[in-house]
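Below: the structure, in structure tokens.
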Amino acid sequence: MAPEKVIKHSKRYYRKRVELFRLIDKIKLWPSRKGVLHGIKSIEKNGSMATLTTHCNRTFTINDSRSSRAARWLRNKWFMGVCGKCGIPDWKLDKYNSTHFRRRQGSLLLNDEEFKRAG
Ligand SMILES: [Zn+2]
């Protein structure tokens, strides 16, 4: 196995109205209701619902809503603490820290096909 490279993360920008599922697909973090940030192990999508499994083996059923509590917390990076059992690596938190959400600027995380349609 190759040694992990130390990468200094450049700032990345996502749109505020990015879909929640796309966002968590990308950042693989989930803030629980108590404000604990968990690492996402897997996401099982079922229409507008999804079941998340965290690395500490908790499951959350969520809605793909941009205005949900979790979506807001993720955008604002609100959390009280990080789950000790999930063992979220520092680079992932650094990456999350360097992620910014803007109204008119940044990626909506669309795939190429959708990007063309959105023009
Ligand atoms: Zn956890």
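Whatever order the structure lists ligands and atoms in, that order sets their numbers, starting from 1. Please read all numbers here as calculations on a predicted model, not as lab measurements.
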Step through the shown structure and confirm whether more than 12 heavy atoms of other residues, nucleotides or ligands are within 6.0 Å of CG on D90. no

d(R103 CZ, R15 CZ) to nearest 0.5 Å is 11.5 Å

Measure from the side-chain N and O atoms of K77 to the backbone N and O of N97, and report whether any donor-acceptor pair falls under 3.5 Å. yes

Can you name the residues that form a ring-ring contact (aromatic ring centres under 6.0 Å, His included) with H55, not counting sequence neighbours? none

With rounding to the nearest 0.5 Å, note down the distance linking OG1 in T99 to CZ in R75. 13.5 Å

Should we count NZ of K26 as having more than 12 external heavy atoms under 6.0 Å? no

Residue and atom names of protein N/O/S atoms that fall under 2.8 Å from the Zn ion (ligand 1): H38 ND1, C56 SG, C83 SG, C86 SG

